[in-house]
*Asks:* 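Quick one: the structure is below, and I'll ask about it shortly.
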There are 2 protein chains.
Amino acid sequence: MAGRENAGSRSGDVERAILEAARDLLAEKGLQGLSMRTVAERVGVSATAIYHYFENKEELVERVVQQGFLRFGEYIEQAMRAHSRGSLERVRAVGEAYLQFALENHAYFRVLFNLQRPHPHAIEDLPEGGGYGLLRQAVVDAMDSGAMRTVDPDLMVMYLWSLTHGLLMISLACQLEHCPEFRATPEARTPLEMFHAFGPLVREGVLGAAAATAGAAASDRAAGEE
Amino acid sequence: MAGRENAGSRSGDVERAILEAARDLLAEKGLQGLSMRTVAERVGVSATAIYHYFENKEELVERVVQQGFLRFGEYIEQAMRAHSRGSLERVRAVGEAYLQFALENHAYFRVLFNLQRPHPHAIEDLPEGGGYGLLRQAVVDAMDSGAMRTVDPDLMVMYLWSLTHGLLMISLACQLEHCPEFRATPEARTPLEMFHAFGPLVREGVLGAAAATAGAAASDRAAGEE
DNA sequence: CAATCGACTTAACGGCGTTAAGTTAACGGC
DNA sequence: GCCGTTAACTTAACGCCGTTAAGTCGATTG
(Lines give C-alpha, C1' and ligand atoms only; values in the text may rest on other atoms or scores of the structure.)
Protein backbone atom coordinates (compact mmCIF):
# COMPACT_ATOMS: atom_id res chain seq x y z
CA MET A 1 0.00 0.00 0.00
CA ALA A 2 0.87 3.65 -0.06
CA GLY A 3 2.10 5.11 3.20
CA ARG A 4 5.65 4.51 4.31
CA GLU A 5 6.33 7.20 6.90
CA ASN A 6 2.64 7.81 7.57
CA ALA A 7 1.73 4.56 9.31
CA GLY A 8 -2.06 4.78 9.57
CA SER A 9 -2.92 5.48 5.96
CA ARG A 10 -5.97 3.87 4.47
CA SER A 11 -7.51 3.99 1.04
CA GLY A 12 -8.67 7.50 0.20
CA ASP A 13 -6.55 8.97 2.94
CA VAL A 14 -4.02 10.50 0.59
CA GLU A 15 -6.70 12.05 -1.57
CA ARG A 16 -8.29 13.63 1.45
CA ALA A 17 -4.90 14.84 2.68
CA ILE A 18 -4.23 16.43 -0.72
CA LEU A 19 -7.57 18.20 -0.65
CA GLU A 20 -6.96 19.46 2.86
CA ALA A 21 -3.46 20.70 2.06
CA ALA A 22 -4.75 22.40 -1.07
CA ARG A 23 -7.59 23.97 0.91
CA ASP A 24 -5.21 25.29 3.55
CA LEU A 25 -2.77 26.65 0.99
CA LEU A 26 -5.55 28.35 -0.91
CA ALA A 27 -6.71 30.05 2.26
CA GLU A 28 -3.17 30.99 3.32
CA LYS A 29 -1.45 31.99 0.09
CA GLY A 30 -4.16 32.26 -2.50
CA LEU A 31 -4.28 30.57 -5.87
CA GLN A 32 -0.72 31.65 -6.71
CA GLY A 33 0.61 30.02 -3.56
CA LEU A 34 -1.14 26.76 -4.31
CA SER A 35 1.31 24.82 -6.47
CA MET A 36 1.38 21.10 -7.07
CA ARG A 37 4.79 20.94 -5.45
CA THR A 38 3.84 22.82 -2.28
CA VAL A 39 0.69 20.74 -1.88
CA ALA A 40 2.70 17.57 -2.35
CA GLU A 41 5.31 18.67 0.15
CA ARG A 42 2.68 19.23 2.82
CA VAL A 43 1.14 15.85 2.21
CA GLY A 44 4.52 14.12 2.10
CA VAL A 45 4.32 12.73 -1.42
CA SER A 46 5.82 13.74 -4.73
CA ALA A 47 4.10 16.35 -6.86
CA THR A 48 3.25 13.88 -9.59
CA ALA A 49 1.43 11.65 -7.12
CA ILE A 50 -1.37 14.18 -7.14
CA TYR A 51 -2.06 13.30 -10.75
CA HIS A 52 -3.21 9.86 -9.63
CA TYR A 53 -6.15 11.47 -7.86
CA PHE A 54 -6.79 14.59 -9.95
CA GLU A 55 -6.44 15.12 -13.65
CA ASN A 56 -4.66 18.45 -13.25
CA LYS A 57 -4.42 21.50 -11.03
CA GLU A 58 -7.67 22.91 -12.35
CA GLU A 59 -9.62 19.87 -11.24
CA LEU A 60 -7.92 19.88 -7.84
CA VAL A 61 -8.82 23.51 -7.27
CA GLU A 62 -12.33 22.93 -8.55
CA ARG A 63 -12.81 20.14 -6.02
CA VAL A 64 -11.46 22.31 -3.22
CA VAL A 65 -13.84 25.12 -4.09
CA GLN A 66 -16.73 22.69 -4.47
CA GLN A 67 -16.08 21.33 -0.98
CA GLY A 68 -15.81 24.87 0.34
CA PHE A 69 -19.27 25.61 -0.92
CA LEU A 70 -20.83 22.56 0.68
CA ARG A 71 -21.69 24.62 3.75
CA PHE A 72 -22.86 27.54 1.63
CA GLY A 73 -26.42 26.38 1.00
CA GLU A 74 -26.77 25.31 4.59
CA TYR A 75 -25.47 28.68 5.77
CA ILE A 76 -28.03 30.56 3.71
CA GLU A 77 -30.89 28.27 4.64
CA GLN A 78 -30.12 28.79 8.30
CA ALA A 79 -30.19 32.56 7.84
CA MET A 80 -33.53 32.26 6.05
CA ARG A 81 -35.06 30.16 8.79
CA ALA A 82 -34.65 33.04 11.24
CA HIS A 83 -37.34 34.98 9.37
CA SER A 84 -40.89 34.13 8.38
CA ARG A 85 -41.69 32.97 4.88
CA GLY A 86 -42.82 35.75 2.58
CA SER A 87 -41.14 38.48 4.61
CA LEU A 88 -38.79 41.06 3.16
CA GLU A 89 -36.50 40.31 6.09
CA ARG A 90 -36.01 36.80 4.79
CA VAL A 91 -34.94 38.17 1.41
CA ARG A 92 -32.57 40.57 3.08
CA ALA A 93 -31.22 37.75 5.25
CA VAL A 94 -30.26 35.78 2.15
CA GLY A 95 -28.20 38.68 0.86
CA GLU A 96 -26.63 39.25 4.24
CA ALA A 97 -25.71 35.58 4.55
CA TYR A 98 -24.28 35.60 1.02
CA LEU A 99 -22.08 38.56 1.87
CA GLN A 100 -21.07 37.20 5.25
CA PHE A 101 -20.20 33.75 3.97
CA ALA A 102 -18.29 35.23 1.05
CA LEU A 103 -16.22 37.48 3.30
CA GLU A 104 -15.44 34.67 5.71
CA ASN A 105 -14.62 32.21 2.92
CA HIS A 106 -13.30 34.71 0.43
CA ALA A 107 -10.58 32.40 -0.89
CA TYR A 108 -13.22 30.27 -2.61
CA PHE A 109 -15.01 33.28 -4.03
CA ARG A 110 -11.76 34.69 -5.32
CA VAL A 111 -11.28 31.54 -7.36
CA LEU A 112 -14.88 31.18 -8.45
CA PHE A 113 -15.21 34.76 -9.63
CA ASN A 114 -11.66 35.01 -10.90
CA LEU A 115 -11.92 36.92 -14.14
CA GLN A 116 -8.71 35.57 -15.64
CA ARG A 117 -9.25 31.92 -16.39
CA PRO A 118 -10.36 31.08 -19.94
CA HIS A 119 -12.88 28.40 -18.99
CA PRO A 120 -14.68 29.24 -15.80
CA HIS A 121 -15.77 26.54 -13.43
CA ALA A 122 -19.49 26.25 -13.78
CA ILE A 123 -20.87 28.60 -11.16
CA GLU A 124 -24.18 26.84 -11.60
CA ASP A 125 -22.69 23.50 -10.54
CA LEU A 126 -22.71 24.74 -6.97
CA PRO A 127 -25.30 23.39 -4.58
CA GLU A 128 -28.51 25.37 -4.87
CA GLY A 129 -27.10 27.06 -7.96
CA GLY A 130 -24.94 29.25 -5.77
CA GLY A 131 -27.89 30.34 -3.70
CA TYR A 132 -29.81 31.55 -6.72
CA GLY A 133 -32.65 29.10 -6.17
CA LEU A 134 -32.96 29.94 -2.48
CA LEU A 135 -33.03 33.66 -3.12
CA ARG A 136 -35.55 33.18 -5.92
CA GLN A 137 -37.89 31.24 -3.65
CA ALA A 138 -37.67 33.90 -0.96
CA VAL A 139 -38.43 36.55 -3.57
CA VAL A 140 -41.44 34.67 -4.96
CA ASP A 141 -42.78 34.14 -1.45
CA ALA A 142 -42.35 37.83 -0.63
CA MET A 143 -44.22 38.78 -3.80
CA ASP A 144 -47.04 36.38 -3.01
CA SER A 145 -47.39 37.77 0.50
CA GLY A 146 -47.48 41.34 -0.78
CA ALA A 147 -44.30 42.33 1.03
CA MET A 148 -42.62 42.99 -2.29
CA ARG A 149 -43.92 44.43 -5.53
CA THR A 150 -44.73 41.86 -8.19
CA VAL A 151 -42.30 41.86 -11.10
CA ASP A 152 -40.43 39.16 -12.99
CA PRO A 153 -38.83 37.19 -10.12
CA ASP A 154 -35.66 36.59 -12.11
CA LEU A 155 -35.30 40.29 -12.71
CA MET A 156 -35.70 40.93 -8.99
CA VAL A 157 -33.19 38.21 -8.16
CA MET A 158 -30.67 39.60 -10.61
CA TYR A 159 -31.16 43.05 -9.10
CA LEU A 160 -30.59 41.85 -5.56
CA TRP A 161 -27.76 39.53 -6.54
CA SER A 162 -26.00 42.25 -8.54
CA LEU A 163 -26.22 44.69 -5.66
CA THR A 164 -24.88 42.27 -3.07
CA HIS A 165 -22.31 40.73 -5.36
CA GLY A 166 -21.09 44.14 -6.47
CA LEU A 167 -20.55 45.24 -2.89
CA LEU A 168 -18.74 41.98 -2.27
CA MET A 169 -16.50 42.33 -5.31
CA ILE A 170 -15.57 45.89 -4.46
CA SER A 171 -14.81 44.80 -0.90
CA LEU A 172 -12.63 41.91 -2.08
CA ALA A 173 -10.87 44.00 -4.72
CA CYS A 174 -10.06 46.60 -2.07
CA GLN A 175 -8.67 43.79 0.12
CA LEU A 176 -11.17 44.55 2.88
CA GLU A 177 -8.92 47.32 4.09
CA HIS A 178 -7.16 50.48 2.99
CA CYS A 179 -10.00 51.13 0.57
CA PRO A 180 -10.72 54.86 0.84
CA GLU A 181 -14.29 54.35 -0.35
CA PHE A 182 -15.15 52.62 2.86
CA ARG A 183 -14.05 55.59 4.88
CA ALA A 184 -15.96 58.05 2.77
CA THR A 185 -19.25 57.54 4.56
CA PRO A 186 -18.87 58.08 8.31
CA GLU A 187 -21.34 55.47 9.51
CA ALA A 188 -21.25 52.16 7.58
CA ARG A 189 -17.56 51.43 7.25
CA THR A 190 -17.52 47.66 6.90
CA PRO A 191 -19.13 45.83 3.98
CA LEU A 192 -21.86 44.47 6.23
CA GLU A 193 -22.65 47.89 7.67
CA MET A 194 -22.84 49.19 4.15
CA PHE A 195 -25.17 46.36 3.16
CA HIS A 196 -27.51 47.31 5.98
CA ALA A 197 -27.29 50.98 5.04
CA PHE A 198 -28.52 50.07 1.56
CA GLY A 199 -31.79 48.87 3.09
CA PRO A 200 -33.89 52.04 2.78
CA LEU A 201 -32.67 52.64 -0.76
CA VAL A 202 -33.55 49.11 -1.80
CA ARG A 203 -36.97 49.14 -0.15
CA GLU A 204 -38.13 52.62 -1.08
CA GLY A 205 -35.95 53.48 -4.07
CA VAL A 206 -33.65 56.36 -4.74
CA LEU A 207 -36.61 58.70 -5.17
CA GLY A 208 -37.68 58.18 -1.59
CA ALA A 209 -40.96 56.85 -0.18
CA ALA A 210 -42.76 60.17 0.27
CA ALA A 211 -41.45 62.01 -2.79
CA ALA A 212 -41.91 59.02 -5.10
CA THR A 213 -44.40 60.45 -7.59
CA ALA A 214 -43.19 64.04 -7.23
CA GLY A 215 -39.58 62.99 -7.66
CA ALA A 216 -40.36 60.99 -10.78
CA ALA A 217 -42.13 63.96 -12.31
CA ALA A 218 -39.26 66.27 -11.43
CA SER A 219 -36.72 63.97 -13.03
CA ASP A 220 -38.83 63.76 -16.20
CA ARG A 221 -38.92 67.55 -16.32
CA ALA A 222 -35.18 67.81 -15.76
CA ALA A 223 -34.49 65.25 -18.47
CA GLY A 224 -36.32 67.33 -21.05
CA GLU A 225 -34.35 70.50 -20.28
CA GLU A 226 -31.27 70.00 -22.40
CA MET B 1 20.89 53.55 -31.34
CA ALA B 2 18.51 50.73 -30.77
CA GLY B 3 16.80 49.46 -33.91
CA ARG B 4 18.64 47.16 -36.27
CA GLU B 5 15.93 45.62 -38.37
CA ASN B 6 13.45 48.35 -37.57
CA ALA B 7 15.01 51.23 -39.49
CA GLY B 8 12.97 54.22 -38.39
CA SER B 9 13.20 53.82 -34.64
CA ARG B 10 13.45 56.89 -32.48
CA SER B 11 13.78 57.41 -28.78
CA GLY B 12 10.73 56.15 -26.93
CA ASP B 13 9.63 54.14 -29.93
CA VAL B 14 10.50 50.78 -28.39
CA GLU B 15 8.72 51.62 -25.17
CA ARG B 16 5.60 52.54 -27.10
CA ALA B 17 5.89 49.39 -29.20
CA ILE B 18 6.15 47.29 -26.03
CA LEU B 19 3.06 48.93 -24.57
CA GLU B 20 1.14 48.39 -27.80
CA ALA B 21 2.17 44.75 -28.06
CA ALA B 22 1.27 44.19 -24.43
CA ARG B 23 -2.07 45.93 -24.95
CA ASP B 24 -2.88 43.77 -27.98
CA LEU B 25 -1.85 40.57 -26.26
CA LEU B 26 -3.91 41.42 -23.20
CA ALA B 27 -6.96 41.97 -25.38
CA GLU B 28 -6.33 38.83 -27.44
CA LYS B 29 -5.14 36.26 -24.91
CA GLY B 30 -5.79 37.79 -21.52
CA LEU B 31 -3.31 38.18 -18.70
CA GLN B 32 -2.09 34.58 -19.00
CA GLY B 33 -1.26 35.07 -22.67
CA LEU B 34 0.73 38.19 -21.94
CA SER B 35 4.24 36.95 -21.18
CA MET B 36 7.45 38.94 -21.33
CA ARG B 37 8.68 36.62 -24.07
CA THR B 38 5.62 36.91 -26.30
CA VAL B 39 5.57 40.68 -25.92
CA ALA B 40 9.27 40.82 -26.78
CA GLU B 41 8.80 38.58 -29.80
CA ARG B 42 6.11 40.87 -31.21
CA VAL B 43 8.26 43.93 -30.71
CA GLY B 44 11.33 42.24 -32.12
CA VAL B 45 13.57 42.50 -29.08
CA SER B 46 14.66 40.10 -26.37
CA ALA B 47 12.48 39.56 -23.35
CA THR B 48 14.97 41.13 -21.00
CA ALA B 49 15.00 44.35 -23.03
CA ILE B 50 11.59 45.11 -21.55
CA TYR B 51 13.22 45.46 -18.16
CA HIS B 52 14.99 48.58 -19.42
CA TYR B 53 11.63 50.30 -19.71
CA PHE B 54 9.56 48.63 -17.01
CA GLU B 55 10.61 47.34 -13.64
CA ASN B 56 8.74 44.09 -14.04
CA LYS B 57 5.64 42.54 -15.58
CA GLU B 58 3.38 44.07 -12.96
CA GLU B 59 4.44 47.58 -13.86
CA LEU B 60 4.08 46.87 -17.57
CA VAL B 61 0.54 45.60 -17.11
CA GLU B 62 -0.28 48.47 -14.80
CA ARG B 63 0.82 50.95 -17.46
CA VAL B 64 -1.23 49.16 -20.10
CA VAL B 65 -4.33 49.26 -17.95
CA GLN B 66 -3.68 52.87 -17.02
CA GLN B 67 -3.53 53.82 -20.69
CA GLY B 68 -6.68 51.82 -21.36
CA PHE B 69 -8.52 53.89 -18.80
CA LEU B 70 -7.45 57.20 -20.27
CA ARG B 71 -10.60 57.29 -22.38
CA PHE B 72 -12.75 56.13 -19.46
CA GLY B 73 -13.36 59.48 -17.83
CA GLU B 74 -13.97 61.08 -21.20
CA TYR B 75 -16.41 58.33 -22.10
CA ILE B 76 -18.44 58.86 -18.94
CA GLU B 77 -18.38 62.64 -19.20
CA GLN B 78 -19.70 62.43 -22.73
CA ALA B 79 -22.56 60.22 -21.58
CA MET B 80 -23.32 62.69 -18.79
CA ARG B 81 -23.42 65.66 -21.17
CA ALA B 82 -26.38 64.12 -22.98
CA HIS B 83 -28.55 64.77 -19.94
CA SER B 84 -29.27 67.88 -17.93
CA ARG B 85 -27.50 68.53 -14.66
CA GLY B 86 -29.44 67.38 -11.64
CA SER B 87 -31.52 64.84 -13.55
CA LEU B 88 -31.87 61.21 -12.59
CA GLU B 89 -31.20 60.39 -16.22
CA ARG B 90 -27.72 61.77 -15.88
CA VAL B 91 -27.06 59.50 -12.92
CA ARG B 92 -28.40 56.55 -14.86
CA ALA B 93 -26.26 57.52 -17.85
CA VAL B 94 -23.10 57.30 -15.73
CA GLY B 95 -23.94 53.75 -14.76
CA GLU B 96 -24.82 52.82 -18.30
CA ALA B 97 -21.57 54.28 -19.62
CA TYR B 98 -19.63 52.45 -16.90
CA LEU B 99 -21.20 49.16 -17.91
CA GLN B 100 -20.83 49.79 -21.62
CA PHE B 101 -17.19 50.86 -21.41
CA ALA B 102 -16.38 47.93 -19.16
CA LEU B 103 -17.96 45.41 -21.52
CA GLU B 104 -16.21 46.88 -24.55
CA ASN B 105 -12.85 47.12 -22.74
CA HIS B 106 -13.30 44.15 -20.48
CA ALA B 107 -9.64 43.09 -20.70
CA TYR B 108 -8.64 46.08 -18.56
CA PHE B 109 -11.41 45.49 -16.06
CA ARG B 110 -10.47 41.85 -15.77
CA VAL B 111 -7.00 42.91 -14.66
CA LEU B 112 -8.11 45.76 -12.44
CA PHE B 113 -10.71 43.73 -10.58
CA ASN B 114 -8.70 40.52 -10.63
CA LEU B 115 -9.17 38.98 -7.22
CA GLN B 116 -5.97 36.94 -7.27
CA ARG B 117 -3.08 39.37 -7.06
CA PRO B 118 -1.71 40.01 -3.58
CA HIS B 119 -1.15 43.77 -4.03
CA PRO B 120 -3.88 45.33 -6.09
CA HIS B 121 -3.08 48.18 -8.41
CA ALA B 122 -4.58 51.22 -6.82
CA ILE B 123 -8.03 51.49 -8.29
CA GLU B 124 -8.10 55.04 -7.05
CA ASP B 125 -5.12 56.01 -9.21
CA LEU B 126 -7.39 55.98 -12.21
CA PRO B 127 -8.45 59.30 -13.74
CA GLU B 128 -11.51 60.64 -11.94
CA GLY B 129 -11.05 57.96 -9.30
CA GLY B 130 -12.48 55.36 -11.64
CA GLY B 131 -15.53 57.49 -12.28
CA TYR B 132 -16.36 57.71 -8.59
CA GLY B 133 -16.03 61.49 -8.56
CA LEU B 134 -18.17 61.95 -11.64
CA LEU B 135 -20.92 59.73 -10.32
CA ARG B 136 -20.77 61.48 -6.97
CA GLN B 137 -21.20 64.89 -8.54
CA ALA B 138 -24.17 63.69 -10.59
CA VAL B 139 -25.71 62.26 -7.43
CA VAL B 140 -25.20 65.47 -5.43
CA ASP B 141 -26.71 67.50 -8.28
CA ALA B 142 -29.71 65.19 -8.45
CA MET B 143 -30.23 65.51 -4.72
CA ASP B 144 -30.00 69.29 -4.89
CA SER B 145 -32.55 69.44 -7.69
CA GLY B 146 -34.94 67.18 -5.81
CA ALA B 147 -34.82 64.44 -8.42
CA MET B 148 -33.33 62.09 -5.85
CA ARG B 149 -33.94 61.67 -2.15
CA THR B 150 -31.35 63.28 0.08
CA VAL B 151 -29.12 60.81 1.85
CA ASP B 152 -25.37 60.52 2.40
CA PRO B 153 -24.06 60.96 -1.16
CA ASP B 154 -21.30 58.40 -0.62
CA LEU B 155 -23.85 55.86 0.51
CA MET B 156 -25.90 56.52 -2.62
CA VAL B 157 -22.80 56.26 -4.80
CA MET B 158 -21.78 52.97 -3.21
CA TYR B 159 -25.29 51.66 -3.74
CA LEU B 160 -25.34 52.59 -7.42
CA TRP B 161 -21.76 51.49 -7.98
CA SER B 162 -22.32 48.15 -6.26
CA LEU B 163 -25.40 47.46 -8.35
CA THR B 164 -23.76 48.29 -11.67
CA HIS B 165 -20.44 46.71 -10.80
CA GLY B 166 -22.14 43.55 -9.59
CA LEU B 167 -24.03 43.17 -12.83
CA LEU B 168 -20.77 43.73 -14.66
CA MET B 169 -18.85 41.17 -12.62
CA ILE B 170 -21.52 38.53 -13.07
CA SER B 171 -21.56 39.25 -16.79
CA LEU B 172 -17.79 38.97 -17.05
CA ALA B 173 -17.64 35.86 -14.87
CA CYS B 174 -20.23 34.22 -17.08
CA GLN B 175 -18.08 35.14 -20.07
CA LEU B 176 -20.89 37.24 -21.56
CA GLU B 177 -22.44 34.08 -22.95
CA HIS B 178 -23.70 30.67 -22.00
CA CYS B 179 -24.75 32.07 -18.67
CA PRO B 180 -28.13 30.52 -17.90
CA GLU B 181 -29.06 33.42 -15.63
CA PHE B 182 -29.26 35.73 -18.58
CA ARG B 183 -31.80 33.53 -20.26
CA ALA B 184 -33.92 33.21 -17.16
CA THR B 185 -35.80 36.43 -17.72
CA PRO B 186 -37.41 36.55 -21.16
CA GLU B 187 -37.01 40.24 -21.90
CA ALA B 188 -33.63 41.71 -20.86
CA ARG B 189 -31.09 39.15 -21.98
CA THR B 190 -27.97 41.25 -22.39
CA PRO B 191 -26.27 43.01 -19.48
CA LEU B 192 -27.34 46.40 -20.84
CA GLU B 193 -30.97 45.32 -21.21
CA MET B 194 -30.82 44.05 -17.67
CA PHE B 195 -29.39 47.34 -16.47
CA HIS B 196 -32.30 49.18 -18.02
CA ALA B 197 -34.76 46.72 -16.56
CA PHE B 198 -33.38 47.54 -13.10
CA GLY B 199 -34.60 51.14 -13.58
CA PRO B 200 -38.02 50.91 -11.92
CA LEU B 201 -36.63 48.89 -9.01
CA VAL B 202 -33.90 51.44 -8.41
CA ARG B 203 -36.20 54.44 -8.68
CA GLU B 204 -39.19 53.18 -6.75
CA GLY B 205 -37.72 50.40 -4.63
CA VAL B 206 -38.65 46.77 -4.29
CA LEU B 207 -41.80 47.69 -2.37
CA GLY B 208 -43.22 49.54 -5.36
CA ALA B 209 -44.24 53.18 -5.69
CA ALA B 210 -47.90 52.80 -4.72
CA ALA B 211 -47.56 50.13 -2.04
CA ALA B 212 -44.55 51.78 -0.43
CA THR B 213 -45.95 52.52 3.03
CA ALA B 214 -48.35 49.58 3.04
CA GLY B 215 -45.64 47.18 1.91
CA ALA B 216 -43.25 48.37 4.58
CA ALA B 217 -45.89 47.81 7.25
CA ALA B 218 -46.66 44.35 5.87
CA SER B 219 -43.02 43.38 5.91
CA ASP B 220 -42.68 44.55 9.49
CA ARG B 221 -45.66 42.44 10.45
CA ALA B 222 -44.24 39.41 8.64
CA ALA B 223 -40.89 39.83 10.37
CA GLY B 224 -42.46 39.57 13.77
CA GLU B 225 -44.32 36.35 13.06
CA GLU B 226 -41.66 33.77 13.73
C1' DC C 1 4.99 -18.70 -8.60
C1' DA C 2 4.35 -15.51 -12.24
C1' DA C 3 1.57 -11.82 -14.11
C1' DT C 4 -0.86 -7.78 -13.04
C1' DC C 5 -1.97 -3.59 -11.17
C1' DG C 6 -2.34 0.29 -8.09
C1' DA C 7 0.37 3.64 -5.94
C1' DC C 8 3.70 5.76 -6.12
C1' DT C 9 8.86 7.53 -7.53
C1' DT C 10 12.60 10.18 -10.21
C1' DA C 11 13.87 12.62 -14.37
C1' DA C 12 12.82 15.62 -17.57
C1' DC C 13 10.41 19.08 -20.81
C1' DG C 14 8.92 23.48 -22.02
C1' DG C 15 7.38 27.84 -20.35
C1' DC C 16 7.37 31.44 -16.98
C1' DG C 17 9.41 35.92 -14.52
C1' DT C 18 13.63 37.58 -13.47
C1' DT C 19 18.83 38.37 -12.77
C1' DA C 20 23.66 38.56 -14.13
C1' DA C 21 27.04 39.49 -17.16
C1' DG C 22 28.62 40.72 -21.55
C1' DT C 23 28.34 43.51 -26.10
C1' DT C 24 27.93 47.42 -28.95
C1' DA C 25 27.04 51.85 -30.52
C1' DA C 26 26.59 56.76 -29.50
C1' DC C 27 28.23 60.75 -27.00
C1' DG C 28 30.76 64.30 -24.23
C1' DG C 29 35.13 66.00 -22.49
C1' DC C 30 40.00 66.67 -23.06
C1' DG D 1 41.12 61.91 -32.32
C1' DC D 2 40.87 59.22 -28.52
C1' DC D 3 38.63 57.53 -24.20
C1' DG D 4 35.65 56.76 -20.45
C1' DT D 5 30.81 56.68 -19.73
C1' DT D 6 26.42 55.36 -20.59
C1' DA D 7 22.20 53.83 -22.86
C1' DA D 8 20.34 50.04 -25.17
C1' DC D 9 20.43 46.15 -25.81
C1' DT D 10 22.12 40.77 -26.05
C1' DT D 11 22.75 35.72 -24.42
C1' DA D 12 22.90 32.53 -20.57
C1' DA D 13 21.14 31.03 -16.72
C1' DC D 14 18.35 30.42 -12.24
C1' DG D 15 14.47 28.79 -9.88
C1' DC D 16 9.73 28.05 -10.11
C1' DC D 17 5.71 26.29 -12.47
C1' DG D 18 2.34 22.51 -14.60
C1' DT D 19 2.77 18.41 -16.72
C1' DT D 20 4.47 13.94 -19.03
C1' DA D 21 7.21 9.70 -19.46
C1' DA D 22 9.19 5.93 -17.65
C1' DG D 23 10.47 3.15 -13.94
C1' DT D 24 9.91 0.88 -9.07
C1' DC D 25 7.78 -1.89 -5.77
C1' DG D 26 4.68 -4.16 -2.83
C1' DA D 27 0.12 -6.27 -2.70
C1' DT D 28 -3.28 -9.03 -5.20
C1' DT D 29 -4.73 -12.56 -8.13
C1' DG D 30 -5.04 -16.44 -11.45
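Since this is a predicted model, take the numbers as computed values, not measurements. Residue numbers start from 1 in every chain, and the chains themselves are labelled A, B, ... in the order their sequence lines are given, proteins ahead of strands.
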*Asks:* With rounding to the nearest 0.5 angstrom, report the OG to CE distance, B:S162 to B:M169.
*Replies:*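 Reported to 0.5 Å precision, the distance equals 11.5 Å.
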
*Asks:* Could you pull out all residues at least two apart from A:Y75 that satisfy ring pair (Phe, Tyr, Trp, His ring centres under 6.0 Å)?
*Replies:*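 Once residues adjacent in sequence are excluded, the partners of A:Y75 under the ring pair (Phe, Tyr, Trp, His ring centres under 6.0 Å) criterion are A:F101.
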
*Asks:* Round to a whole Å and report the spacing from CD of B:E41 to C1' of D:dT10.
*Replies:*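 Taking CD of B:E41 and C1' of D:dT10, I get 16 Å after rounding.
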
*Asks:* Once you round to the nearest 0.5 Å, how far does CZ of B:F195 lie from CG of B:L163?
*Replies:*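 It is 7.5 Å, given to the nearest 0.5 Å.
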
*Asks:* Could you tell me whether B:E55 and B:R63 make a salt bridge, using a distance below 4.0 angstrom between a side-chain N and a carboxylate O?
*Replies:*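 Salt bridge between B:E55 and B:R63, a charged N being under 4.0 Å from a carboxylate O: no.
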
*Asks:* Find the distance A:Y53:OH to C:dT9:C1' and express it as a whole number of Å.
*Replies:*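 To the nearest whole Å, that distance equals 13 Å.
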
*Asks:* For atom CD of B:E41, is the number of surrounding heavy atoms from other residues, nucleotides or ligands below 6.0 Å larger than 12?
*Replies:*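 For B:E41, atom CD is not crowded (no more than 12 foreign heavy atoms under 6.0 Å).
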
*Asks:* Do A:F113 and A:L172 come close enough that some side-chain heavy atom pair is under 4.5 Å?
*Replies:*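 With C-beta onward as the side chain, the pair stays apart.
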
*Asks:* Taking a pair as Watson-Crick (N1 to N3 plus N6-O4 or O6-N4) or G-U wobble (N1-O2 and O6-N3), both under 3.5 Å, which stems of 3 or more consecutive pairs involve DNA chain C?
*Replies:*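 DNA chain C forms these stems: C:1-30 with D:1-30.
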
*Asks:* Give a yes/no answer on whether the side chain of A:S46 brings an N or O atom under 4.0 Å of OP1 or OP2 in C:dT9.
*Replies:*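 Yes.
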
*Asks:* State whether the number of non-hydrogen atoms from other residues, nucleotides or ligands found under 6.0 Å of A:E59 atom CD is greater than 12.
*Replies:*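 Counting neighbours around CD of A:E59, more than 12 heavy atoms of other residues, nucleotides or ligands fall under 6.0 Å, so yes.
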
*Asks:* Reading nucleotides 14-24 of chain D from the 5' end, what letters show protein touch, with B for base, S for backbone sugar-phosphate only, - for no heavy atom under 4.0 Å?
*Replies:* ---BBBB----

*Asks:* Go through residues 18-26 of chain A and report each residue with a non-hydrogen atom lying under 4.0 Å from DNA chain D, sorted by number.
*Replies:*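 Those residues: none at all.
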
*Asks:* A:D13 CG to C:dC8 P: how many Å, rounded?
*Replies:*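 Going from CG in A:D13 over to P in C:dC8 covers 10 Å.
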
*Asks:* Step through it carefully: locate the ring centre of B:Y98, locate the ring centre of B:Y132, and say whether they are under 6.0 Å apart.
*Replies:*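 No, the ring of B:Y98 stays outside the 6.0 Å limit from the ring of B:Y132, centre to centre.
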
*Asks:* Please determine whether a side-chain nitrogen of the Lys or Arg among B:R92 and B:E96 lies less than 4.0 Å from a carboxylate oxygen of the Asp or Glu.
*Replies:*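 Salt bridge present between B:R92 and B:E96.
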
*Asks:* Hey, can you pull the donor-acceptor pairs under 3.5 Å for the side chains in residues 17-31 of chain B, sequence neighbours left out?
*Replies:*
residue: B:E28; atom: OE1; partner: B:R42; partner atom: NH2; Å: 2.8
residue: B:E28; atom: OE2; partner: B:R42; partner atom: NH1; Å: 3.3

*Asks:* Grab the CD1-P distance between B:I50 and C:dG17 for me, whole Å please.
*Replies:*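 After rounding, the reported distance stands at 9 Å.
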
*Asks:* Give every donor-acceptor pair under 3.5 Å between a side-chain atom in residues 133-143 of chain B and any protein atom, sequence neighbours left out.
*Replies:*
residue: B:R136; atom: NE; partner: B:D154; partner atom: OD1; Å: 2.9
residue: B:R136; atom: NH2; partner: B:D154; partner atom: OD2; Å: 3.1
residue: B:Q137; atom: NE2; partner: B:D141; partner atom: OD1; Å: 3.1

